[in-house]
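Notes follow the structure.
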Amino acid sequence: MFLLLQTQPSGFLESWHQAALTSLGFFWMALWAFILGYFVSSMIQVFVTRERMRKSMGETDAKSMGLGTFFGFISSSCSFAALATTRSLFKKGASFIPSLAFLLASTNLVIELGIVIFIFLGWQFMAAEYIGGILLILFMWVFVKATYPENLIKKTRQKLDQEQQGSTEEKQTDWKEKLKKPEAWNRVGKQYLMEWNMVWKDVSIGFTVAGIVAVFVPNSFFETLFIGTSQNANYTFLQLLEHVLIGPIVAFFTFIGSMGNIPLAAVLYENGVSFAGVMTFIFSDLVVFPVLRINAKYYGWKMSLYILVTLLFSLVLSALILYYGFDLAGILPTGTGKSFAMQDHFKINYTFYLNLVFLLITAVLVWLNFRSQKHGEGHKHKSDKTRLEIILKYLAWLSYLWLAVGLLMKLFI
């Protein structure tokens with residue numbers, strides 16, 4: 001907060017307006033990916049049977065791992081949506097390790113994420129993202145195999161099975177037959193809104209904080225966090241280790257998901273943070289509090305913390321190997337990222353048209369949910385009244401107030 005108070009009144013109002021625009025711009029950039037991910041998750045919940053999922057991803061072997069990675073590759077790049085889809089896969093009978101492979105692939109190996117990285121950071125970072133995504137999956141596989149928490153996984157499945165009780169899913173009906181039934185599509189609409197209901201608070205707060213950090217936090221703040229930051233520096237191993245350990249901490253306070261994380265990664269690189277530190281920041285979209293909290297809601301806190309440790313182990317090793325591997329190959333990047341705070345995120349481009357298409361899909365799904373309620377199908381979803389949920393709800397509404405007033409600041413500057 002002291003950073004905000006140091007700004008002159010007129011400059012503060014202008015920065016406030018720019019921060020609100022940046023937050024909304026980031027969200028606009030990732031909106032279609034959110035919708036796609038939750039739509040896919042909802043269809044998996046309704047159309048894919050437990051028996052079919054067990055057959056495709058029910059074992060922890062190379063084939064199941066390959067399928068999990070491939071399904072992630074063709075899925076959404078949004079971290080929140082990937083979490084929902086991963087839960088759907090695990091709930092339907094996929095094994096634990098292939099489910100995590102899907103999670104890592106869907107947030108690191110998707111095509112659109114590579115394109116955004118190329119735009120902001122260059123081809124070396126794009127190549128590192130894809131190579132690192134494979135490394136993350138391999139290291140995760142090794143770590144879970146070595147520490148396999150059998151009892152914890154059993155308890156998690158029991159928790160998900162309890163959620164499944166009372167479901168109206170027709171387990172014996174082939175998915176091709178379900179596609180023809182209006183009742184099944186009504187349930188897709190209902191499930192879609194339930195997925196959004198679980199994460200809207202985290203999303204709202206995350207994007208708002210990202211805009212604030214992008215505009216108000218000075219470059220010197222990041223330079224203080226990362227030891228020895230300077231372009232083309234010859235970092236020692238200890239300095240690199242500090243960078244890869246600090247990267248997840250910085251991501252904790254600036255998290256907005258895989259796609260929105262990239263512009264902030266460009267800020268770090270622009271201010272001299274090492275290649276390894278930037279890569280851990282990009283990889284850290286799955287090890288921050290909003291993700292930790294959502295996983296806890298899905299699986300319980302013990303499993304959520306186990307996943308956190310697994311991913312931290314994997315991303316630190318991956319980033320260090322990428323740095324030394326690229327250095328050995330002579331392809332470490334040497335330029336700077338592009339400034340993004342003043343960019344026009346609302347141009348008429350592919351993002352604009354994709355958002356229009358997926359907003360139309362959302363309208364259809366909302367109508368399907370309304371139709372299911374009208375016909376009295378299924379059960380109403382209970383809202384979470386825990387203290388944390390209530391606090392996050394107020395923070396989300398405070399975020400909306402911040403954004404609304406920030407947009408109105410244009411009238412006073």
Side-chain angles (χ1 to χ4, degrees), residues 16-43 73-82 84-85 106-107 109-123 125-126 129 189 192-193 195-196 199-200 202-215 254-267 282 285 337-368 399-400 402-404 406-411:
W16 188 352
H17 176 70
Q18 188 59 47
L21 281 180
T22 301
S23 295
L24 294 174
F26 284 164
F27 181 72
W28 179 251
M29 180 177 66
L31 178 59
W32 68 269
F34 274 101
I35 298 172
L36 174 61
Y38 291 134
F39 183 38
V40 170
S41 173
S42 301
M43 289 194 294
F73 170 74
I74 64 175
S75 184
S76 168
S77 60
C78 169
S79 304
F80 293 116
T85 308
S106 62
T107 52
L109 298 179
V110 288
I111 296 174
E112 62 269 23
L113 180 61
I115 294 172
V116 174
I117 291 176
F118 176 78
I119 293 172
F120 281 99
L121 290 162
W123 70 267
F125 282 92
M126 180 181 69
E129 177 68 17
Y192 175 78
L193 292 185
E195 299 289 355
W196 273 106
V199 299
W200 69 271
D202 301 272
V203 173
S204 302
I205 298 168
F207 275 87
T208 302
V209 169
I212 294 172
V213 170
V215 174
T254 59
F255 171 75
I256 56 174
S258 300
M259 297 287 282
N261 248 6
I262 306 309
L264 292 178
V267 170
I282 294 174
D285 56 344
K338 298 180 181 179
S339 178
F340 61 89
M342 301 299 292
Q343 286 188 5
D344 180 9
H345 298 279
F346 303 100
K347 296 184 294 186
I348 305 298
N349 54 17
Y350 80 96
T351 299
F352 175 82
Y353 293 110
L354 282 172
N355 282 340
L356 288 184
V357 170
F358 282 96
L359 284 172
L360 179 60
I361 291 174
T362 294
V364 173
L365 292 170
V366 170
W367 175 75
L368 290 172
S399 298
Y400 297 150
W402 166 272
L403 294 173
L407 293 177
L408 292 175
M409 287 299 105
K410 184 67 174 178
L411 301 175

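Treat the numbers as computed from the prediction; the structure is a model and nothing was measured. This chain uses plain numbering: 1 for the first residue, then up along the sequence.
To the nearest 0.5 Å, atoms CD1 (I212) and CD (Q18) are separated by 13.0 Å. One distance of note links CG of L408 with NZ of K410; it measures 12.5 Å at 0.5 Å rounding. Of the inter-residue distances, the one linking F27 atom CZ with N355 atom CG reads 8.5 Å to the nearest 0.5 angstrom. Within the model, atoms CH2 of W367 and OG1 of T362 stand 15.0 Å from one another, a figure rounded to the nearest 0.5 Å.
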Should F358 and L36 be marked as a side chain to side chain contact (heavy atoms under 4.5 Å, CB included) after you check the CA-CA gap, both sets of side-chain angles, and the distance that decides it?
CA-CA 7 Å; F358 282 96; L36 174 61; 3.7 Å; yes
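Listed here is the closest heavy atom pair of F125 and L121: CD1-O, 3.3 Å. E129 and I282 get closest at one heavy-atom pair: OE1-CG2, 3.3 Å. Among all heavy-atom pairs drawn from Y192 and I35, the shortest one is OH-CG2, 3.4 Å. The two residues F118 and M126 make their nearest non-hydrogen contact at CB-SD, 3.9 Å.
The main-chain N or O of W402 is found under 3.5 Å from a side-chain atom of W16 such that the two form a donor-acceptor pair. Using a distance-only test at 3.5 Å, with no hydrogens or angles considered, a donor-acceptor pair links the side chain of S23 to the main chain of T208.
Counting heavy atoms from C-beta on, the side chains of T351 and W28 come closer than 4.5 Å. Between Y353 and I348 there is a side-chain heavy-atom pair separated by less than 4.5 Å. Side-chain contact between L365 and L193 is absent, with no heavy-atom pair separated by less than 4.5 Å.
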